[in-house]
Every structure is written in structure tokens, then in C-alpha cells.
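Beneath this line is the structure, given in C-alpha cells, with notes to follow.
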Amino acid sequence: SAKDMKHRLGFLLQKSDSCDYSSSQGKKEKTSSSQRLSQEEVRKWADSLENLIHHDRGLAAFRAFLKSEYSEENIEFWVSCEEYKKTKSPAKLSPKAKKIYDEFISVQATKEVNLDSCTREKTSHNMLEPTLSCFDEAQRKIFTLMEKDSYRRFLKSPYYLDLVSPSGAGCGPENCKRNHTHSLDCNSNIISQCA
């Protein structure tokens, strides 16, 4: 559950007796060929929500934060729309669109996102003949909502501050060199484990 995730992440970030430096070699960073998460990269997340969610580890940190606020449906909808736009087969458009609509937009949606009635109605109309852009307006509205609201809170939260802080939070001094790179590696591994 989201509460367990928050507790687990908080516990791991505060844990001072051990630190795991191993990083997932399977994940490639979009912004860097290196597996290390530099402070420069993390600082770029504060420039814009786009920078944050277009970075694998940034997206994972933001998603963990939203789960702690019980509002992860917003980022899940945004990611689903991004994946939907990559659909190559016209035959797959309709079933994929219906799945997204049923999960996030319909009145009985299990993860209903907060859309105004006009956008909801227009998106419903788009469902008659789904195209790659049928969720664009709804996705834009949810992006703006996250940008003005949860993104600002994220930048003030431990989910972000512990990653950008050079203090080495999350690592014990006996196990971690007190430099920026290792503290970021440690915290970013925690984020990726919890994602």
C-alpha cells in the first residue's frame, strides 16, 4: 500500500547503518550513459516537471511521492497516455484507449483523475473513434494540475531533498564516503528499489 511504501522509503532513507551501492545495470538512463545519478541531474528536476518525469529515476521518485499522498493516479494516467501514443497498430488503438478511459476517466473509473466536465466530455466523444491524440487534452490538464500542485510539494519533500542534499542522508558515515556522488547513488538506489 502507499502508506507502507512511504514508511519503507522513509526508513531506508533514514537508515544509518548500511548502504547498498549496487545499481541496476538493466536500466539505462535517458539523460546519461552513466549509472550514477549526479547532483546536476537531480537539480535539473527542479527546473521543470518535464525534466523530472522524463528521467527514469526522477519519475520513480515522483511516483513514490505521489503514492505517499494517495494521488498516484495522475502520474499513472500521464504515463499510460505516453505509452498509448507509441501504439503502432491501428487495430490496438481502440482496446488500449478503452482500457485507459475505463481506468482513469469514466465516472466509475477505479483510478479516476480530476478533470473538468468539458474535458471529460470531449475525451468521451474522442472514444467513438480513438486516435493517437484522443487523450491529449486530458493529459495536458493532468500535467498542468501536477505541475501547479504536487510537483511543487515534491520539490519541498524528503523524496527530492534527500536526493539533492549533499549531506549523505541515508548512508552511515562508516559505510559511505561523504561526497555527493555516493550519497546520490545510495539514495537513487533506494528510490529504484521502492519504485
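Looking at residues two or more places apart in sequence or on another chain, you find no salt bridge (charged side-chain N to carboxylate O under 4.0 Å, His left out) involving Glu147. Contacts of Thr110 classified as side-chain contact (heavy atoms from CB on, under 4.5 Å), with partners at least two apart in sequence or in another chain: Glu103. Lys99 is linked by a side-chain hydrogen bond (donor to acceptor under 3.5 Å, both in side chains) to nothing, counting only residues two or more places apart in sequence or in another chain. Residues satisfying the salt bridge (charged side-chain N to carboxylate O under 4.0 Å, His left out) criterion with Glu137, sequence neighbours excluded, are Lys122. A search for salt bridge (charged side-chain N to carboxylate O under 4.0 Å, His left out) contacts involving Lys98 returns Asp102, not counting sequence neighbours. Considering only residues two or more places apart in sequence or on other chains, Ser106 meets the side-chain hydrogen bond (donor to acceptor under 3.5 Å, both in side chains) condition with none of them. Annotation: side-chain hydrogen bond (donor to acceptor under 3.5 Å, both in side chains) contacts of Asp149 (sequence neighbours excluded): Arg153. Residues passing the salt bridge (charged side-chain N to carboxylate O under 4.0 Å, His left out) test with Glu76, sequence neighbours excluded: Lys111. Under the side-chain hydrogen bond (donor to acceptor under 3.5 Å, both in side chains) criterion, Asp136 pairs with no residue, sequence neighbours left out. A search for side-chain contact (heavy atoms from CB on, under 4.5 Å) contacts involving Thr131 returns Ser133, Cys134, not counting sequence neighbours. Remark: Leu115 pairs with Ile105, Val113, Thr119, Arg120, Ala138, Lys141, Ile142 by the side-chain contact (heavy atoms from CB on, under 4.5 Å) rule, at least two apart or across chains.
Residue pairs meeting the ring-ring contact (aromatic ring centres under 6.0 Å, His included) criterion with at least one member in residues 87-139, sequence neighbours excluded: Phe77-Phe104, Tyr84-Phe135.
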